[in-house]
There are 2 protein chains.
Amino acid sequence: MRLSTKGRYAVTAMLDLALNEGKGAVTLADISVNQGISLSYLEQLFAALRNKELVRGVRGPGGGYYLTRGADEITVADIICAVDEWVEFTRCGGRENCHAGSRCLTHSLWDELSEEIFNFLKGISLADLVERGQARIEAAKEKKAKVGSISSQERAA
Amino acid sequence: MRLSTKGRYAVTAMLDLALNEGKGAVTLADISVNQGISLSYLEQLFAALRNKELVRGVRGPGGGYYLTRGADEITVADIICAVDEWVEFTRCGGRENCHAGSRCLTHSLWDELSEEIFNFLKGISLADLVERGQARIEAAKEKKAKVGSISSQERAA
DNA sequence: CAAGTTACCTAGCAATTTACTCGGGAATTA
DNA sequence: TAATTCCCGAGTAAATTGCTAGGTAACTTG
């Protein structure tokens, strides 16, 4: 039970792309220097992000990475799902038969927790992080508590 | 970023104790058979639980483990904190200097997430799990949503 | 075209964690 | 004394994390 830095690295790197939106490509070398992450490790993370079609790479001089969608259409959950296995979350696991009562109880507890975490991360887009910084996170929480459903497209500006 | 089964094992085992509250000690051998967890692994988990004074062990025939407090005074968060390192959660981490802007943003995001998870787990006691099973979990979420913390269950969206 | 730049790919590594086995104790009860 | 049960430490295979090393492929510019 730990929040590894892997997902955080990915989110941080994606934030670098979002901050540069509309201003050309961002090279991994830049991100590596900016964020203090090893270049090869970044390449691995971005391979995963590419697979999930969150970023697009352009080779050659002047190349680098772009977001494939707007920063408001990419959530933190998307990023973390891409780089982490996330196996026991959402729906991928949890299909064990529940024979013993207490085992069943903890299974449903874990499912609930997974959903909590997932929904929280799904409610925060890159644009949220960019535009308003930490204050925005609080807002996302308020919004979720009120509405109960998340659509990151409505920017309450 | 994964929810390991370690904490789940511990919660499950503690549930066994809670289910037997007032009916004498529960041996690790029993739990091992009931839950299909290796005895030695249970011993390690219970060593941690003992350190945090969540359980009390009694040796000799007729011995076993008791909860040191009522099941309503032990939360899932207590249990998981005892057996997991939980390092990057709550407050233990996050005291890094935030130089780069995007790094700072993700740090605060991670702090928020940690607190979300912690609060969720803190809101569920062993008694909750025992008395009402899964229904109780929903109730805990409702309670929290009212107070304004987080939570929103829109399953099967 | 050639050279440089950048993405892309594969392999391997040390450290840590997980879940487990083994082999002993030490305290308590009968 | 003997059985039971907690207690303790060492060791292990597999997986994960974060990283290094050493390539190849595509693209742009001089």
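Taking atom CZ on B:Arg50 and atom C1' on C:dA27, their separation rounds to 13 Å, with Å as the unit. The distance between atom CG of B:Leu17 and atom P of D:dT5, rounded to the nearest whole Å, is 15 Å. Atom CG of A:Leu39 is separated from atom P of C:dT10 by 17 Å (rounded to the nearest Å). The distance from atom OH of B:Tyr66 to atom P of D:dT5 is 12 Å, rounded to the nearest whole Å. Rounding to whole angstrom units, CD1 of residue A:Ile37 and C1' of D:dT20 are separated by 16 Å. For the pair A:Glu43 CD and D:dA21 P, the interatomic distance rounds to 14 Å; values are reported in whole Å.
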> What's the verdict on side chain to side chain contact (heavy atoms under 4.5 Å, CB included) for B:Phe46 and B:Leu17, showing C-alpha distance, side-chain angles and the deciding distance?
Replying inline: CA-CA 12 Å; B:Phe46 273 76; B:Leu17 261 61; 4.1 Å; yes
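Between B:Tyr41 and C:dC20, a side-chain N or O to OP1/OP2 separation shorter than 4.0 Å is absent. Contact check, B:Arg56 against D:dT5: no side-chain N or O comes under 4.0 Å of OP1 or OP2.
Side chain of B:Arg59, nearest nucleotide from D:dT5, D:dA10, D:dG18: D:dT5. For A:Tyr9, whose side chain is taken as the heavy atoms from C-beta onward, the closest listed nucleotide among D:dC7, D:dC19, C:dC8 is D:dC19. For A:Pro61, the side-chain atoms get nearest to D:dC27 when compared with the rest of D:dC27, C:dT21, D:dC6.
B:Ser40 comes within contact range of at least one nucleobase, with a heavy-atom separation under 4.0 Å. Among the protein residues, A:Ser38 comes within range of the nucleic acid bases, having at least one heavy atom under 4.0 Å from a base atom. No contact: B:Phe46 has no heavy atom under 4.0 Å from any strand.
At least one donor-acceptor pair under 3.5 Å links the side chain of B:Thr68 to the backbone N or O of B:Leu54. At least one donor-acceptor pair closer than 3.5 Å links the side chain of A:Glu21 to the backbone N or O of A:Ala71.
When B:Leu15, B:Val11, B:Asp128 are each tested for a side chain to side chain contact (heavy atoms under 4.5 Å, CB included) with B:Val76, only one passes: B:Val11.
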